[in-house]
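This chain uses plain numbering: 1 for the first residue, then up along the sequence.
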Amino acid sequence: MTGVLTDKGIFVGGGGEGYATPQEMLLKYGNRHGLIAGATGTGKTVTLQILAEAFSSAGVPVFMSDVKGDLAGLAMPGSATAKLHDAFQKRADTIGYELTYRDYPVTFWDLFGEQGHPVRTTVSEMGPLLLSRLMGLTDAQEGVLNIAFHLADAEGLALLDLADLRSMLVYVGENADTLSLRYGNVATATVGAIQRQLLVLENQGATKFFGEPALDLADMMTLAPDGRGRVNILAADKLMASPRLYATFLLWLLSELFEELPEVGDPDQPRFVFFFDEAHLLFDDAPKALVDKVEQVARLIRSKGVGVYFITQNPADVPEGILGQLGNRVQHALRAFTAKDQKDLKRAAENYRPNPRFETEEAIKEVGTGEAVTSFLQAKGVPGVVERTLVRPPQSRLGTLAPDERRVVVQSSPYGLKYDKAIDRESAHEILTARATAAANEAAEAEARAAEEKREREFQKARRYESGKSPKVTKSSTTRRSSSRSDSVFEAFGKSLARQIGNQAGRQIVRGVLGSLFKSR
């Protein structure tokens, strides 16, 4: 009886007459990438699960995204009381496989921090190219975003979270005239358009993804105490509601592996295996620059000991330049209901080395659930002859975990203390905010000084007119004013009296008498 591993590598299932011939994937060529394709309900998830089990058993850490939630069962052993046990046992007997049940060392991750440890990265690590793809920016908007990144780097401003990027874009907009002379046109309308796309990104939940502590890839590439590779499972059921965020995150993770890992040549087995489920989301409406980047990474990352396996419904979802690099293939059934489906089916069949026992195109249409058309690299990297293969049953549970079971796995993980609590250290947002506050305070102080100086000048100018001061009143001046007023009154009285007397002499006498009388007073 055959186990999960053979002397040569991974036992995938039985092929040939009566499914009695072992179909194996050589561990030596596990880093030559692969493809798992097939229509919904044809068994792709089980194939993905058994490959993850085998790589883990060989001491190879793996990463996979759990789109439907049923890969979480890797953390628990299968059961002889499960509904599919009898069918699995029958299949195991047919292909000569010793069916045993066991769990695997699983670590759960989640961008939203709800079903596993939070996964974070910084805005700087994501870079302007992937961020532009994530936000669907135009070429002009991507250019402005590149300017923002360049300025942040030149001025030592760390871009960690979306608040940092927002503040940096505000800074670019406020200095648009100066920057346009150095870097080309920087329109404030363009900056505003990027800010709106950032708002959309925040509404999709990306705020939790950008920040610290950032994910250390070394934590995913560890071994369990018993020597098995750690199985890293990303909870992606909620993430799939934001397909662009999902695809960009996985591409970022792949790019980080490419940039951080050293060259190892052709190892006896991979150092890490990356399963990219729903791979078509990566290439839907993707610009050529992004597709070229994926192709470059896929071409070169195998020399760093990393195998990449794309899981999708139709091989046509993967660009030709990348499809040609996928040496290990498991093709489940394809349905040909339309002319396009028939064309895609024919193209899929043409990618296999023919087997004289059957027509590949017909086999792809006819294979049932749990059966697949397979081709694995043989000695010297030569593609193997295509074979109809009955895929072995999994050792771990097939299906989801209960919330309590998942919680136990997460709490027993060694990474909770490191990643569960977010850190917000000083970065571009805090620095630029402090600069703006200091500038505003300085401007307010300068304005206050100018107002005070203006008031002082006006006061000094007004003093020469004795503005606001009452003249000094003395006793002598009061007496003089009183006397002059009295004289005027007496004189008028005298004149009136004299007119009444009508005599010149009499007028003089009366004037003299009255004058003497009042003067004596």
Side-chain angles (χ1 to χ4, degrees), residues 31-35 63-65 111 119-150 152-153 159 165 194 197-198 201 206 209-210 214-215 217 220-221 234 236 239 242-264 270-312 314-327:
N31 64 331
R32 299 293 182 94
H33 311 322
L35 173 71
F63 172 88
M64 57 176 56
S65 53
L111 261 67
V119 179
R120 304 183 188 90
T121 186
T122 64
V123 171
S124 295
E125 288 177 344
M126 177 67 74
L129 175 62
L130 290 182
L131 272 175
S132 297
R133 158 66 172 165
L134 183 57
M135 293 188 286
L137 301 185
T138 64
D139 290 342
Q141 293 164 355
E142 183 179 347
V144 172
L145 192 63
N146 273 283
I147 292 173
F149 271 77
H150 176 78
D153 185 61
L159 298 179
L165 184 55
I194 300 174
Q197 292 303 316
L198 278 177
L201 203 60
F209 175 49
F210 292 101
L215 176 66
L217 295 181
M220 285 190 171
M221 302 178 64
L234 175 71
L239 184 59
S242 306
R244 184 166 288 180
L245 177 59
Y246 168 78
T248 305
F249 164 71
L250 293 185
L251 181 56
W252 164 79
L253 186 58
L254 189 61
S255 300
E256 287 295 297
L257 287 169
F258 172 71
E259 293 174 4
E260 292 188 12
L261 296 180
E263 296 280 340
V264 294
R271 298 177 59 192
F272 191 72
V273 171
F274 185 96
F275 291 99
F276 203 136
D277 201 0
E278 299 293 341
H280 66 279
L281 296 175
L282 177 61
F283 306 108
D284 287 348
D285 302 322
K288 186 177 185 302
L290 185 65
V291 176
D292 290 344
K293 180 177 179 63
V294 177
E295 183 176 348
Q296 178 193 36
V297 170
R299 188 183 303 277
L300 300 177
I301 201 171
R302 72 182 190 185
S303 64
K304 301 191 175 189
V306 177
V308 182
Y309 289 74
F310 294 91
I311 298 92
T312 188
N314 196 319
D317 296 333
V318 182
E320 287 289 339
I322 299 172
L323 192 63
Q325 301 178 48
L326 310 182

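Side-chain atoms of L137 and Q197, non-hydrogen and from C-beta on, do get closer than 4.5 Å to each other. Here the side chains of M126 and L159 are not in contact, with every heavy-atom distance at 4.5 Å or above. Under the 4.5 Å side-chain criterion, counting only non-hydrogen atoms from C-beta, L250 is in contact with L234. Counting heavy atoms from C-beta outward, I301 and H33 have side chains that approach closer than 4.5 Å. Using a 4.5 Å cut-off on side-chain heavy atoms (C-beta onward), Y246 and D277 make contact. Taking 4.5 Å as the limit, every side-chain heavy atom of L217 sits out of range of all side-chain heavy atoms of F272. Side-chain contact between T312 and L35 is present, with heavy atoms from C-beta onward closer than 4.5 Å. Residues K293 and E295 have side chains not in contact (no heavy-atom distance under 4.5 Å, counting atoms from C-beta outward).
Remark: D139 CG is loosely packed, at most 12 non-hydrogen atoms of other residues, nucleotides or ligands lying under 6.0 Å away. Within a 6.0 Å radius of NZ in K304, more than 12 heavy atoms belonging to other residues, nucleotides or ligands are found.
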Exercise. Report the C-alpha separation of L251 and L130 in whole Å, then their side-chain angles, then the decisive distance to 0.1 Å, and conclude whether the side-chain contact (heavy atoms from CB on, under 4.5 Å) test is met.
Key: CA-CA 8 Å; L251 181 56; L130 290 182; 3.5 Å; yes

Practice problem: Kindly indicate, with the supporting measurements, whether the criterion side-chain contact (heavy atoms from CB on, under 4.5 Å) is fulfilled by I194 and L165. | Solution: CA-CA 10 Å; I194 300 174; L165 184 55; 6.0 Å; no

Quiz prompt | Pair M221-L261, side-chain contact (heavy atoms from CB on, under 4.5 Å): steps then yes or no | solution = CA-CA 11 Å; M221 302 178 64; L261 296 180; 3.9 Å; yes

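Taking CD of E278 as the reference point, atom CZ of F310 lies at 13.5 Å (rounded to 0.5 Å). Distance CG/L215 to CG/L111: 10.0 Å, rounded to 0.5 Å. Distance CE/M135 to OG1/T248: 10.0 Å, rounded to 0.5 Å. Note that the CG atom of L134 and the CG atom of L245 stand 5.5 Å from one another [nearest 0.5 Å]. Separation of atoms CG (L253) and CD (E256) is listed at 8.0 Å; rounding is to 0.5 Å. Of the inter-residue distances, the one linking L281 atom CG with R244 atom CZ reads 11.0 Å to the nearest 0.5 angstrom.
The two atoms that bring A279 and F276 nearest to each other are CB-O, 3.7 Å, heavy atoms only. L300 and F258 get closest at one heavy-atom pair: CB-CE1, 3.4 Å. Of all heavy-atom pairs spanning Q325 and A298, the tightest one is OE1-C, 3.2 Å. For the pair G321 and R299, the tightest heavy-atom approach, listed with the atom from each and the gap, is O-NH2, 4.4 Å. Nearest approach of F149 to S124, heavy atoms of both residues: CE2-CA, 4.0 Å.
Ring pair W252/F209 is perpendicular by interplanar angle, where above 60° counts as perpendicular and below 30° as parallel.
Judged by distance alone, with hydrogens and angles left aside, the side-chain atoms of N31 form no donor-acceptor pair with the main-chain N or O of P270 at under 3.5 Å. In this structure, the side chain of N146 engages the main chain of E142 through a donor-acceptor pair within 3.5 Å.
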